[in-house]
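Down below is the structure, laid out as structure tokens.
We name chains A, B, ... by the order of the sequence lines, and we start the count at 1 in each one.
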Amino acid sequence: MHDFLDKLNPEQRAAVTLPARHALILAGAGSGKTRVLTTRIAWLIATGKASPSEIMAVTFTNKAAKEMLLRLTAMLPINARGMWIGTFHGLCNRFLRAHHREAELPLSFQILDSSDQISAIKRLLKNLNLDDEKFPPREIAHFINAHKEQGLRAANAEAYDEHTKKRVAVFAEYDTQCQREGVVDFAELLLRTFELLRRNEPLRKHYQARFRHILVDEFQDTNRLQYAWLKLLAGAWQKAPEAFPDPGAQIPENEDAETSARLFAVGDDDQSIYAFRGADVGNMRDLEREFGIKNVIRLEQNYRSFGNILDAANALIKNNRNRLGKNLWTDSGAGERISVFECLTDLDEARRVVDEARERIRAGVPPTQIALLYRSNAQSRALEHQLFSNGISYRVYGGQRFFDRQEIRNALAYLRLLANPDDDSAFARVVNFPTRGIGGKSLEALGENARVTHSSLYNAAAGLAGKASAAVGNFIRLVEALRAETQGLALPEIVERMLDKSGLRQHYFKEKEGRDRLENLNELVSAAASFLEERENHPEETSGAEPPDTDALAAFLAYASLESGEHQAGEKEDAVQLMTVHSAKGLEFDEVFITGLEEGLFPHENAMGDRDGREEERRLMYVAITRARKRLHLSYARARMLHGQTRYCLSSSFFDEIPENLLEKRASSAPQTSFLPSARRNFTSAAMSISDAFRNRKNGAESLGQASSLARSDTFGGFRIGQSVAHAKFGQGVIVSAEGYGNDARVQVEFGRAGTKWLSLVHAKLTPA
DNA sequence: CTGCAGCGTTTTTTT
DNA sequence: AACGCTGCAG
């Protein structure tokens, strides 16, 4: 009937053409998940089962939302009019702008990103006279966000000890402060929306009736609040729920299709890698139970990778328990074996990986189809260095984003102050930047005044202007003049004017290293221009039931907070791709190199304390492996520079979980004569820095000897990772990682009851068990 | 008030 | 090794 259905396999087609029922699609890596999602929307519209305005599609990233829209418009000649496709946060922002009065927010409320949030907390702690050593702002932020993501306000937060009680008090004050300043953080965006829908029945009924189809991408990454919000919109609660989290009642299938949305969730529990920021895989099981889903559709045919790669992935992930269960298969043959590079040092690893990448490029692989993956960002340095000296162009993902740069944040703070003078964060950021003689003392007085009069810093400053400090008065006059001057100007001109008047441009012009910053500021003007253009081209998107928001400045600021700006400076063509395993999720490449496969690094030592952490690391490895289409390369280094110190490493335990017949150990790529000397030089210098550090010890030569012997065997002072050992006091345990050597050799042992401990091999008497 | 030197920290990340 | 923050001197 529709040719886009012809391209699907039976399972995909079954998912796409599912009747209007709640559904859960378990979509393995590379099984055509995005295709199913977009084709489902196209099918609903094309068959007249739903109009575009009755559809809501939610993703986690802007990139995914854009991709979905792109593919959809390629399939169907529809305009995006009235369609709610976006991220959780983007859609909530849209909702709150439309209903800002009901949500008790000013029309041009600002969005705090994580660093704004932390500086807001710092300010608050200072006001409350609390020691930020005892209450680290980062930790407070986490405390607050975690509560909001559980649907909890300060009033509902549990606190049994004094310290927690204090933190709850800070939480309460923080929300008050945000409310006064007219700002919301990311979690608040969601919680506000949820609470408004819960308490306002007409509004809830309206949206429940409107969105007859709610589609969710990457459902395994949802947190409790996001799931609760979906339940609310999907009509799962006909009456306002009393409590959150939901008591867990069975959600009846609503027979009255007019008043109930259908939830179509797509996810893969094996690719859940964001538990550390609140994602709850348990939501998948809950969804299945609470929405009474009878049969979960499994997409297991993989169109991406060769068999060997899938076999490795399947074998690895089998070691996790509590999976929903799934086995990827392909009909495209086994392909090459997986190459394994055992390297002496991180430098050596970088050299060999880059050599191999260069080889592959020479063999005709496009550089963009080669990805070098690593567990943590710090590892990119060595690879970058090696690529650079080989003259291979590369692109690093996930570095600093455009809207995160300090010069951009400063510029945005001026704009925020124009849009909303009560925004104390913005005020504090730029009141003395560029420096204009307003220091700690004036600010303290200002803060005190604001507190007493319950007003914003800006208001307090305006009240005191002229009296207290001439400098403060000048600043206020500056902002006022700017506001008057930019009245009625188009967005890019406002930005332009602000850059001159604020002195930012001049400041970075004078600064020695300010060239790039200046360029970025100009880029901000362009960003504003293209944002405006985009808006004028799609005026319908913001209309509909909601009032059109005419405030381009506020909209631009929201855009800057929600879209951190990946679209920055030229997608370098023909560049090798470098990124963390996390940011590789959802992408695919012909050739994938997974580097730094060392116990303690990947899996990361901080995640090895508990089983859940280890399983998440394993899923991370699973994600990494399944990025590869044609070839997969694994590498590890025996010694690695980390935090300025050389660490001696053992190979990752993940190697033990991949069938040996799939692996192919690769000897050094270069002829021995040229390889050995340079490698030894590298290795020697690493060893020498160690011997420097231990210059009190007997001799460096001995250290060198031990280090080299370590590089040739997998044992560690006679012990091995994964080995069972016995300790006189702690009992039986398993070695989970190791570091150091000689007198400093330590192993980390996981004892059942006694927990996990680092033990010195010299002192602790461990025996094999 | 400003600028610089020394100190401590360091997984993953989107919104 | 590198970055951000605090404390101190000018």
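The nearest whole Å value for the distance from the CG atom in A:D221 to the P atom in B:dT14 is 12 Å. A straight line from CD of A:E149 to C1' of B:dT15 spans 10 Å, rounded to a whole angstrom. Distance, A:F403 CZ to B:dT14 C1': 15 Å, rounded to whole Å. One interatomic measurement links the two molecules: CD of A:E218 to P of B:dT15, which rounds to 12 Å at whole-angstrom precision. Atom CE of A:M579 is separated from atom P of B:dT14 by 12 Å (rounded to the nearest Å). A:L189 has its CG atom 8 Å from the C1' atom of B:dT15, to the nearest Å.
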Please tabulate, for the side chains in residues 137-144 of chain A, all donor-acceptor contacts under 3.5 angstrom to protein atoms that are two or more places apart in sequence or on a different chain.
residue, atom, partner, partner atom, Å
A:E139, OE1, A:R167, NH1, 3.3
A:E139, OE2, A:R167, NH1, 2.7

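The stretch residues 379-389 of chain A participates, sequence neighbours left out, in no salt bridge (charged side-chain N to carboxylate O under 4.0 Å, His left out) pair at all.
Using a 4.0 Å heavy-atom criterion, one finds that A:R619 contacts no nucleic acid atom at all. Among the protein residues, A:K585 comes within range of no part of the nucleic acid, since none of its heavy atoms lies under 4.0 Å from any strand. Across all strands shown, A:N432 has heavy atoms under 4.0 Å from sugar-phosphate atoms exclusively, and none from any base. Here A:I438 lies in heavy-atom contact (under 4.0 Å) with sugar-phosphate atoms only. Across all strands, A:S114 comes closer than 4.0 Å to base atoms (heavy-atom distances).
On the nucleic acid side, DNA chain C contacts chain A at distances under 4.0 Å to non-hydrogen atoms, with the end points of that region at C:dA1 to C:dC5.
For A:T435, the side-chain contact (heavy atoms from CB on, under 4.5 Å) test picks out A:N432, with sequence neighbours left out. For A:A275, the side-chain contact (heavy atoms from CB on, under 4.5 Å) partners at least two apart in sequence or on another chain are A:E616. A:T580 is linked by a side-chain contact (heavy atoms from CB on, under 4.5 Å) to A:Y374, A:N377, A:H582, A:S583, counting only residues two or more places apart in sequence or in another chain. Partners of A:F95 according to the ring-ring contact (aromatic ring centres under 6.0 Å, His included) rule, which considers only residues two or more places apart in sequence or in another chain, are A:H99, A:Y207. Applying the side-chain contact (heavy atoms from CB on, under 4.5 Å) criterion to A:A103, with sequence neighbours excluded, gives A:L96, A:L105, A:L196.
Counting only N and O atoms by type, the side chains of A:S115 and A:R409 include a donor and acceptor under 3.5 Å apart.
Taking a cutoff of 4.0 Å between a charged side-chain nitrogen and a carboxylate oxygen, A:E188 and A:R153 qualify as a salt bridge.
A close approach under 4.0 Å does not occur between any side-chain nitrogen or oxygen of A:N62 and OP1 or OP2 of B:dT14.
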Let me have a per-nucleotide readout for nucleotides 8-13 of chain B, 5' to 3', with B, S or -, counting only protein heavy atoms under 4.0 Å. --BBBB
